[in-house]
Q: 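Mind having a look at this structure? Questions to follow.
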Amino acid sequence: MCGRFALTHSAEDLARWFGAGEIPLAPGLALPLRYNIAPSQPLLAVRVEHGSPRFALLRWGLVPSWAKDPAMGQHMINARGETVAVKPAFKNAYRHHRCLIPASGFYEWAHEGKGRQPYYFSGNRGTPLAMAGLWEHWLGPDGSEMETCAIVTTQANKTLKPIHDRMPVLIPRERFAAWLDHSPGAWTHAAELLVPSPEDALVKIKVSTYVNHPAHEGPACLAPAK
DNA sequence: CCAGACGTTGTT
DNA sequence: GTCTGG
DNA sequence: CCAGACGTTGTT
DNA sequence: GTCTGG
């Protein structure tokens, strides 16, 4: 699955790769390099607004619009690709609210003995990854609002298999438009994209357990481990 | 019909 | 063991 | 995902 | 809102 990732490409690189316009930060604020993005935090997403791809900041942990308790999002950080079309919590988002979640790489943990050993997976050409995402809008009884999201998962490919049996769905660049197409009926084609990545898509490095602690941040998260 | 859940992962 | 916070 | 808390009363 | 279980 995918419960932690990094976004270390520059804003310029991301804008070029995703063609999604300005990143929604206050004027003068730079996109921070992130080495340890965890559930419940804001993440950068690309979704269609007024017919074109736009960056948005969404909270990681999908809260369905009908949820009474927004704490439900704590359990909704991933959505199984095999069942997103039928699960009540994801069905609406899968039809109408698909998005891309840019990542420079993602972490998976292997259970080795008592410990948890992290590995980092990134694109084999150093380009950004586009994880398949779903988002929702939630309006609380007191008028508070939240925009939240989940990362879609699928079976592990050969690269991931020794570490973990699930991985995030990665959308190839030439399929961005297909994944984001919300015209009527297009969602039935989105299902074709919910497959494991080709074996050569990713490179793996074993990294220090420094990244295990969600409060740790910075390049030390990617320090290689023996 | 109404009431209550609505999820994933990993582990047993 | 299970929940919360990051 | 992992790490760390997990409780109450009363007092400051 | 929609599905499942009783």
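On a predicted model such as this, the values are computed, not experimentally measured, just so you know. Here is the naming used below: chain letters follow the sequence lines, and residue numbers restart at 1 for every chain.
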Q: Using atom P in both nucleotides, what's the gap between dT4(C) and dG7(D) to the nearest angstrom?
A: 10 Å

Q: Rounding to a whole Å, what distance do you find between His111(A):NE2 and dA3(D):C1'?
A: 13 Å

Q: OP1, OP2 of dT9(B) versus side-chain N and O of Thr153(A): anything below 4.0 Å?
A: yes

Q: Measure the distance from CD on Glu136(A) to P on dG1(E) and round it to the nearest whole Å.
A: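 After rounding, the gap between these two atoms is 12 Å.
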
Q: Go through it in stages, so that I can follow the logic: the residues are Gln74(A) and Ser40(A), the test is side chain to side chain contact (heavy atoms under 4.5 Å, CB included), and I'd like the CA-CA distance, side-chain angles, deciding distance and then a yes or no.
A: CA-CA 7 Å; Gln74(A) 293 179 208; Ser40(A) 80; over 6 Å; no

Q: Can a side-chain donor-acceptor contact be found between Asp181(A) and Trp187(A) if the only test is distance below 3.5 angstrom?
A: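 There is no such pair between these side chains.
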
Q: When you check the phosphate oxygens OP1 and OP2 of dG4(D), does a side-chain N or O of His213(A) lie under 4.0 Å from one of them?
A: yes

Q: Quick one: does Val46(A)'s side chain get under 4.5 Å of Cys99(A)'s, heavy atoms only?
A: no

Q: If I take atom CG in residue Asn212(A) and atom P in nucleotide dG6(C), what distance separates them, rounded to the nearest angstrom?
A: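 Taking CG of Asn212(A) and P of dG6(C), I get 18 Å after rounding.
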
Q: Let me know the distance between CZ of Arg116(A) and C1' of dG4(D), rounded to the nearest Å.
A: 12 Å

Q: For Tyr94(A) and Trp179(A), take the angle between the two ring planes, folded into 0 to 90°, and tell me which bin it lands in: parallel under 30, tilted 30 to 60, perpendicular over 60.
A: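 Because their plane-to-plane angle lies in the 30° to 60° range, the rings of Tyr94(A) and Trp179(A) count as tilted.
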
Q: Any side-chain N or O of Arg166(A) under 4.0 Å from OP1/OP2 of dT9(B)?
A: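 The answer is yes; a side-chain N or O of Arg166(A) sits under 4.0 Å from OP1 or OP2.
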
Q: Taking 4.0 Å as the cut-off, does a side-chain nitrogen or oxygen of Lys91(A) come that near to OP1 or OP2 on dC3(E)?
A: yes

Q: May I ask which nucleotide in the shown strands pairs with dC3(E), Watson-Crick or G-U wobble, both distances under 3.5 Å?
A: dG4(B)

Q: Check every strand shown and say whether Ile77(A) touches a base, only sugar-phosphate, or nothing at a heavy-atom separation below 4.0 Å.
A: base

Q: If we count only N and O atoms by modelled type, under 3.5 Å, do the side chains of Arg4(A) and Asn36(A) hold a donor and an acceptor together?
A: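 Per modelled atom types, Arg4(A) and Asn36(A) side chains form a pair under 3.5 Å.
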
Q: Please measure how far the P atom in dG6(C) lies from the corresponding atom in dC2(B), and state the result in whole Å.
A: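 That atom pair is separated by 42 Å.
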
Q: Applying the 5.5 Å / 30° rule, does Phe90(A) stack onto the base of dC6(B)?
A: no

Q: Given dT9(B), is OP1 or OP2 found less than 4.0 Å from the side-chain N or O atoms of Arg80(A)?
A: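 The answer is yes; a side-chain N or O of Arg80(A) sits under 4.0 Å from OP1 or OP2.
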
Q: Reckon Thr83(A) has a side-chain N or O less than 4.0 Å from the OP1 or OP2 of dT8(B)?
A: yes

Q: Taking the same atom, P, in dA3(B) and in dG5(C), what whole-Å distance lies between them?
A: 31 Å

Q: Please state how far atom CG in Asp165(A) lies from atom P in dT8(B), giving the value in whole angstrom units.
A: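 Interatomic distance, CG of Asp165(A) to P of dT8(B): 14 Å.
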
Q: Ala89(A) side chain: which of dT8(B), dG6(C), dC6(B) is closest?
A: dC6(B)

Q: Take atom CZ of Arg4(A) and atom C1' of dG5(C), then tell me their distance rounded to the nearest Å.
A: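 Going from Arg4(A) (CZ) to dG5(C) (C1'), I get 11 Å.
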
Q: Atom CE of Met76(A) to atom P of dT8(B): distance rounded to whole Å?
A: 8 Å

Q: When the C1' atoms of dT9(D) and dA5(B) are compared, how many Å lie between them, rounded to an integer?
A: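 Comparing C1' positions in dA5(B) and dT9(D) gives a spacing of 37 Å.
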
Q: Please report, rounded to the nearest Å, how far the P atom of dG4(B) is from the CH2 atom of Trp66(A).
A: 16 Å

Q: Within the side chain of His9(A), is there an N or O that forms a donor-acceptor pair under 3.5 Å with the backbone of Gly126(A)?
A: yes

